[in-house]
Number of protein chains: 2
Amino acid sequence: MRRVPAGRPTIKDIAHESGVSESAVSFALNGRPGVSEATRARVRRVADRLGWRPSAAARALSGEGPATVGLVLARPASTLGVESFFLQLVSGIQEVLSLRRFGLLFQVVEDLDAECDAYRRWWAEHRVDGVLVVDPRADDPRPPLLDELGLPAVVIGSLPPGDDGTGHPGIANLWADDAGAMAGIVDHLDALGHRRIAHVAGLPELAHTRRRIASLRAEAERRGIEAHSHTTDYSDTEGVRTTRRVLDSAAPPTAIVYDNDVLAVAGLGVAAERGIPVPVALSIVAWDDSVLCRSTHPALTALVRDTTAFGRRAAEELFALLDGGPARRVEDALPHLLERGSTASAP
Amino acid sequence: MRRVPAGRPTIKDIAHESGVSESAVSFALNGRPGVSEATRARVRRVADRLGWRPSAAARALSGEGPATVGLVLARPASTLGVESFFLQLVSGIQEVLSLRRFGLLFQVVEDLDAECDAYRRWWAEHRVDGVLVVDPRADDPRPPLLDELGLPAVVIGSLPPGDDGTGHPGIANLWADDAGAMAGIVDHLDALGHRRIAHVAGLPELAHTRRRIASLRAEAERRGIEAHSHTTDYSDTEGVRTTRRVLDSAAPPTAIVYDNDVLAVAGLGVAAERGIPVPVALSIVAWDDSVLCRSTHPALTALVRDTTAFGRRAAEELFALLDGGPARRVEDALPHLLERGSTASAP
DNA sequence: CGTGTGCGCTGAAGCGCTTGAGTGCGGAGC
DNA sequence: GCTCCGCACTCAAGCGCTTCAGCGCACACG
């Protein structure tokens, strides 16, 4: 019995072994016409036996593209690492990528400029076939950049109010209905009798922050509820500070909506520190569920969405784009509010 | 003025433009001898002007390696996404990788088998130069596999008790002194008068869990303190359940050490639910600091380490290995205990 | 003035794969 | 029996870069 050649086998080895040319092997293994079924089967068998895998580099060089998708997370180090959203998203993305043996090139950077640099570099170095863009924002420089580079991309998240995503024909968009979700929260709080609501929001430049703020204002106005939004940088420090300020105001809210789990937990901490009973004197809602929301006492009422599925859909959309499909604008399922122990009737 | 050629410029374009051969361009741009300084400068200028970047694929194909490092995170979906440790580690890793324009290929998988598959695939497809391995465990199949594949690797984290890391010559190790850190915690609690300590630990198969458990037992025995460890899967659910069980025992502990921030927050929630005042009646220590530990009320006393620096050192160690250095075994700085409001004298 | 030496550069091969242009051959069609 | 066609396959070029052998030239040396 012949030994498997040392090092990784190449199609040349397979060609040798099965007595056909390299091109025949290539045809056979890629399932394209030009070889008989008998030959195809034989070649496949030999390839399996030798444990052959296509060299990503060689494929990339000869036109196929590097079979890799890029993802950049632009977050200052201080806010890094606690949000549940992100790894779940990645997990979903990879479920889909792995079906086609695509890799995920991942980068964490400090700011938007660095993110754009990363895209440029990946493009210039032929490192990715396309990218997934998170945290869309107002006046976002990334869609025009990616359009210019001709790098297929899916923007994950709702676009800023007024932007319908048609400006950049090469860029697809998978959006969550932040406005609708906020309306649902206000609905719930309204039904509980809350008339003063505070909203501790995330970064003001993010599109979804703007959508939520706009939706809160509209909904509150419609119902004659008093509501104010306060943006933060998502850090616990600002979560604490903002919560304190809000509670110190002349007419403090009876309910606070937090834009993520970390902020909500920080807010709950402030309530505990002040001896304000939750939910009796104050209701708390967290946007995005996570382990955290379940761990606190009381557990937090949270807006639940299937982030893994969200990631899956984003990756599918990107594949559709890579396969030559149109850049669509797709809406994700509406998240739902899971009532736990942190919301109750207004005092 | 000549237009920049459409698409990405190649060294051929540069060669044309600057009137030398492609090989001269290659020499010039890679800083190797064989070209005059004048030519080198000229070529560099042209390359800059055209915005040239080496094609990762072409480089990879011609011997240089793909300039990419792999990292797999094997976690069941349920435990995913809340630990602060991970993204910080990645952030540190990338600070170092970016210095040499290396990319990070990242994968999240369900279990260890899938992780090994990922390594095999990356190796076969020439996708990575080396990998970083996290969560070392007892009877870990990964070092022998990577050794066999000849894939340079750095194992991040302490090896299991009894394993000195010399078994696999190609694999470096960056370890944190979990035993020493645990000793420091016991020290602190002992000084506060605690005589009954519980340890809500992580996954029993992980090496650092074993080190911590062994160290706790040794330290407690030495001081005549009663101490028990209880392993969990890191989930909040088990954190809650284990804390309840521990507090229900005949002689409940006066201090609990949690193996991560999520477990600790879950534990604090149980205390709140039962009306047990922290730290008056119960002290809580969290292993690994994070936003979470600062957000709760009271804030959690935590074992602080510089995870970003840890990541940086791991990446440096991998580069050293790729540069042909020996596979070393390096110890990271000892973490320190940051006292916050969750520890006090024993009741 | 011839030879040796090293510098600065060129030419060509090769990495593993894809792909379009052939090539040989058996069978259908007249 | 000849042409024509299409199938199954081979050949060779090319993707962008590295690298090694080699080559001409200026200069130093005897």
Side-chain angles (χ1 to χ4, degrees), chain A residues 5-44 46-47 50-68 101 121-127 129, chain B residues 5-44 46-47 50-68 101 121-127 129:
Chain A
R8 281 140 278 198
T10 72
I11 54 168
K12 183 183 285 181
D13 298 317
I14 302 177
H16 238 201
E17 193 98 349
S18 47
V20 291
S21 73
E22 292 181 35
S23 359
V25 172
S26 177
F27 287 146
L29 294 174
N30 290 317
R32 46 184 81 204
V35 284
S36 66
E37 278 315 310
T39 308
R40 193 187 299 281
R42 185 156 40 88
V43 168
R44 282 230 174 94
V46 173
L50 297 182
W52 176 86
R53 290 295 180 80
S55 150
R59 275 242 164 104
L61 194 54
S62 47
E64 280 295 273
T68 304
R101 306 195 162 285
R121 212 178 62 233
W122 283 346
W123 173 80
E125 296 179 357
H126 275 275
R127 270 182 180 276
D129 296 293
Chain B
R8 280 139 277 199
T10 72
I11 54 168
K12 183 183 283 179
D13 298 316
I14 302 177
H16 240 199
E17 193 97 348
S18 47
V20 293
S21 72
E22 290 182 35
S23 359
V25 172
S26 178
F27 288 144
L29 294 174
N30 290 318
R32 43 186 81 202
V35 282
S36 67
E37 278 315 310
T39 308
R40 192 186 300 280
R42 186 157 39 89
V43 168
R44 282 230 176 93
V46 173
L50 298 183
W52 176 85
R53 290 295 181 79
S55 150
R59 275 241 164 104
L61 193 53
S62 48
E64 280 294 274
T68 304
R101 307 194 161 287
R121 213 180 59 234
W122 283 347
W123 173 79
E125 295 179 358
H126 274 276
R127 270 182 181 275
D129 296 292

- Could you say whether B:G19 or B:A58 is positioned toward the 5' end of DNA chain C, judged by the nucleotide with the nearest heavy atom to each? B:G19

- Note on the structure: Contacts of B:E37 and A:R53 projected onto DNA chain C by closest heavy atom; the upstream (5') one is B:E37

Identify the two heavy atoms, one from [X] and one from [Y], that lie closest to each other, and give their separation to 0.1 Å.
X: B:V43; Y: B:S18; value: CG2-OG, 4.0 Å
X: A:N30; Y: A:R59; value: OD1-NH2, 2.9 Å
X: B:P66; Y: B:A60; value: CA-CB, 3.6 Å
X: B:R8; Y: B:D13; value: O-OD2, 4.4 Å

- Task: May I ask you to evaluate whether A:S62 reaches the phosphate of C:dG16, defined as a side-chain N or O under 4.0 Å from OP1 or OP2?
- Result: no

- Message: OP1 or OP2 of C:dT18 versus the side-chain N and O atoms of A:R59: is any pair under 4.0 Å?
- Response: yes

Of all the choices, [options], which nucleotide is nearest to the side chain of [X] once you look at every atom?
X: A:N30; options: D:dC9, C:dT10, C:dT18; answer: C:dT18
X: B:T10; options: D:dC20, C:dG16, D:dC17; answer: D:dC17
X: A:F27; options: C:dC9, C:dT19, D:dC9; answer: C:dT19
X: B:R32; options: C:dT18, D:dG16, D:dT19; answer: D:dT19
X: A:K12; options: C:dC15, D:dC15, D:dC9; answer: C:dC15
X: A:S21; options: D:dT10, D:dG16, C:dT18; answer: D:dT10

- Item | Whether A:S62 side chain and A:A58 backbone form a donor-acceptor pair below 3.5 Å |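 Yes.
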
When the distance from [atom1] of [X] to [atom2] of [N] is rounded to whole Å, what number comes out?
X: B:W52; N: D:dT18; atom1: CH2; atom2: P; result: 6 Å
X: A:H126; N: C:dC17; atom1: NE2; atom2: P; result: 19 Å
X: A:R8; N: C:dC17; atom1: CZ; atom2: C1'; result: 15 Å
X: A:D13; N: C:dG16; atom1: CG; atom2: P; result: 9 Å
X: A:H16; N: D:dT10; atom1: NE2; atom2: C1'; result: 14 Å
X: A:L61; N: C:dG16; atom1: CG; atom2: P; result: 12 Å
X: A:I11; N: D:dC11; atom1: CD1; atom2: C1'; result: 13 Å
X: B:W123; N: C:dG16; atom1: CH2; atom2: P; result: 12 Å

Which part of the nucleic acid, if any, lies within contact of [X], taking any heavy atom under 4.0 Å across all strands shown: a base, the sugar-phosphate backbone alone, or nothing?
X: A:V25; answer: nothing
X: B:R40; answer: nothing
X: A:P33; answer: nothing
X: A:S26; answer: base

- Message: So, taking the atom named CD1 in A:I14 and the one named CD1 in A:I11, what distance separates them when rounded to the nearest 0.5 Å?
- Response: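 Reported to 0.5 Å precision, the distance equals 7.5 Å.
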
- Task: Establish whether the base of C:dG11 is bridged to the side chain of B:S23 by a donor-acceptor pair shorter than 3.5 Å.
- Result: yes

